[in-house]
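Remarks on the structure that follows.
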Amino acid sequence: MSGLDEGCSDPAHTHDELSEPPLRGLKLASHGVLEKVQQRGRSKCAKCGGSRMFFCYTCCLLVDVSLHEIPVVKLPVKIDIIKHPNETDGKSTAVHAKILAPSDVTIYTYPCIPDYDQDEVVLVFPGPGAVTVQDMVQRLHEKTDSRSSGPRLKRRKLVNVPADAHATEDPGSGAPDETKSSESRAHPVQRVVFIDSTWNQTNKISTDERLQDLLQVELRTRKTCFWRSQKGKPDTYLATIEAIYYFLKDFHEQCLAQEYSGEYDNLLFFYSYLHTVVNKSKEAGKKEAERREKQRQTEARL
């Protein structure tokens with residue numbers, strides 16, 4: 001499983017919403033183009049030559065699909081994904097976010113981590129000091145006020161990330177120290193950091209001193225429907241793309257104070273299609289196993 005985010009929204013969500021089947025009622029672009037590509041089969045990535053379906057998870061490029069055939073999602077904040085170097089690219093859902101929201105998502109490979117401004121950046125990761133999305137903005141204001149009342153120390157820059165440190169950087173994604181957008185006047189959150197890793201590998205990144213000053217935000221109540229579940233882990237451990245989607249949905253409602261109308265649903269464009277394909281395959285395998293068992297029982301009676 002890729003992604004290390006626990007749960008999802010906060011208690012403001014109704015019981016009815018939380019009890020709905022996953023991925024139902026999403027406002028998604030047509031999956032017709034993906035169905036056609038699946039019928040044609042795998043193709044080679046134009047950059048690395050790898051055999052891929054839909055997109056190359058190594059190069060973050062579409063394969064046998066044109067840009068105009070997939071949705072592009074505009075996000076209200078910038079998203080940084082810190083990827084564990086040992087995370088298997090083919091199992092990670094982080095690439096979905098990069099392809100579908102290319103101007104707002106940047107993927108870094110650990111140990112490359114930008115120098116973040118703790119007044120504008122939060123880390124989505126569970127922990128004893130983590131807060132809900134609902135309380136996030138207030139806590140950031142409190143942190144800023146507490147520092148402004150006393151002498152402010154200049155933060156030590158812990159790392160310089162070269163321009164070519166990660167192949168998935170997008171020129172349009174902006175740098176962490178970019179000029180504040182107009183949204184900053186309404187809320188202080190300008191960038192949100194997620195960790196892309198299996199849960200057993202998260203500790204090294206989450207405890208890195210470059211992330212220690214960031215306010216941690218915990219997503220608590222959603223359940224994953226990822227088909228690669230991790231043994232021994234609860235179903236509140238989300239895949240990376242699930243965590244990004246649910247955070248943005250809560251952010252839209254709790255921080256922007258706007259009714260959610262599917263603005264970020266297409267972040268699950270690939271994920272929802274693959275979810276359907278995998279489930280159909282599992283169901284077909286189950287029926288085949290039942291058929292063989294009945295045949296075995298029939299032959300045993302003869």
Side-chain angles (χ1 to χ4, degrees), residues 1-3 5 7-10 12-38 54-55 57 60 62 65-81 92-107 124 133-134 170 173 183 187 189 192 194 196 217 219-227 235-280:
M1 176 178 176
S2 63
D5 311 275
C8 244
S9 59
D10 46 62
H13 288 281
T14 65
H15 174 75
D16 289 341
E17 181 181 358
L18 297 178
S19 61
E20 287 181 355
L23 307 181
R24 293 286 180 86
L26 297 175
K27 296 181 179 179
L28 297 173
S30 172
H31 283 146
V33 60
L34 302 184
E35 293 169 353
K36 292 179 181 178
V37 171
Q38 187 178 14
F54 310 134
F55 53 80
Y57 44 74
C60 288
L62 290 170
V65 179
S66 301
L67 283 172
H68 71 272
E69 294 179 300
I70 67 165
V72 175
V73 186
K74 180 62 181 174
L75 308 184
V77 292
K78 299 297 183 182
I79 299 293
D80 280 2
I81 300 171
S92 171
T93 60
V95 63
H96 298 190
K98 180 61 182 176
I99 291 176
L100 295 166
S103 64
D104 294 320
V105 176
T106 304
I107 299 178
V124 177
V133 175
Q134 188 176 20
D170 186 274
S173 64
E183 287 86 352
H187 61 80
V189 182
V192 184
F194 294 82
D196 188 56
V217 178
L219 307 170
R220 294 176 177 171
T221 57
R222 302 284 185 175
K223 294 183 179 181
T224 185
C225 61
F226 196 32
W227 48 93
D235 57 6
T236 51
Y237 281 21
L238 305 179
T240 301
I241 193 63
E242 291 177 315
I244 293 173
Y245 167 72
Y246 287 124
F247 173 89
L248 290 172
K249 185 177 180 181
D250 286 349
F251 181 85
H252 191 87
E253 296 173 334
Q254 303 293 338
C255 301
L256 301 184
Q258 298 177 17
E259 182 179 353
Y260 184 72
S261 299
E263 286 82 356
Y264 320 118
D265 284 7
N266 272 319
L267 284 175
L268 300 177
F269 177 70
F270 292 114
Y271 186 80
S272 60
Y273 181 75
L274 293 172
H275 180 268
T276 300
V277 170
V278 170
N279 279 353
K280 285 182 178 179

> Would you call the rings of Tyr264 and Tyr260 parallel, tilted or perpendicular if under 30° counts as parallel and over 60° as perpendicular?
Replying inline: tilted
> How many angstroms lie between atom CD of Glu69 and atom NZ of Lys36, to the nearest 0.5 angstrom?
Replying inline: 7.5 Å
>> Show me the pairs that pass salt bridge (charged side-chain N to carboxylate O under 4.0 Å, His left out) and involve residues 264-277, at least two apart or across chains.
In response: none
> Sequence neighbours excluded, which residues qualify as side-chain hydrogen bond (donor to acceptor under 3.5 Å, both in side chains) partners of Glu35?
Replying inline: none
> What residues, two or more places apart in sequence or in another chain, satisfy side-chain hydrogen bond (donor to acceptor under 3.5 Å, both in side chains) together with Asn266?
Replying inline: none
>> Within this structure, what is the CD1-CG distance for the pair Ile79 and Asp104, rounded to the nearest 0.5 Å?
In response: 8.0 Å
>> I need the Leu26 CG to Tyr245 OH distance, nearest 0.5 Å.
In response: 5.0 Å
> Pick one: which of Leu274, Val33, Ile70 meets side-chain contact (heavy atoms from CB on, under 4.5 Å) with Phe54?
Replying inline: Leu274
>> Counting C-beta onward and ignoring hydrogens, is there a side-chain heavy-atom pair between Val189 and Cys255 closer than 4.5 Å?
In response: no
> Which atom pair, heavy atoms only, marks the closest approach of Leu100 to Pro71?
Replying inline: CD2-O, 3.5 Å
> Ser272 side chain to Leu23 main-chain N or O, any donor-acceptor pair under 3.5 Å?
Replying inline: no
> What residues form a side-chain contact (heavy atoms from CB on, under 4.5 Å) with Ser261, not counting sequence neighbours?
Replying inline: Lys27, Glu263
> Mind checking whether Ile244 and Val105 have side chains closer than 4.5 Å, heavy atoms only?
Replying inline: no
>> Applying ring-ring contact (aromatic ring centres under 6.0 Å, His included), can you list everything that pairs with Phe55, at least two apart in sequence or on another chain?
In response: His96, Phe270
>> Test of understanding: with ring-ring contact (aromatic ring centres under 6.0 Å, His included), list the residues that count as partners of Phe269, not counting sequence neighbours.
In response: His31
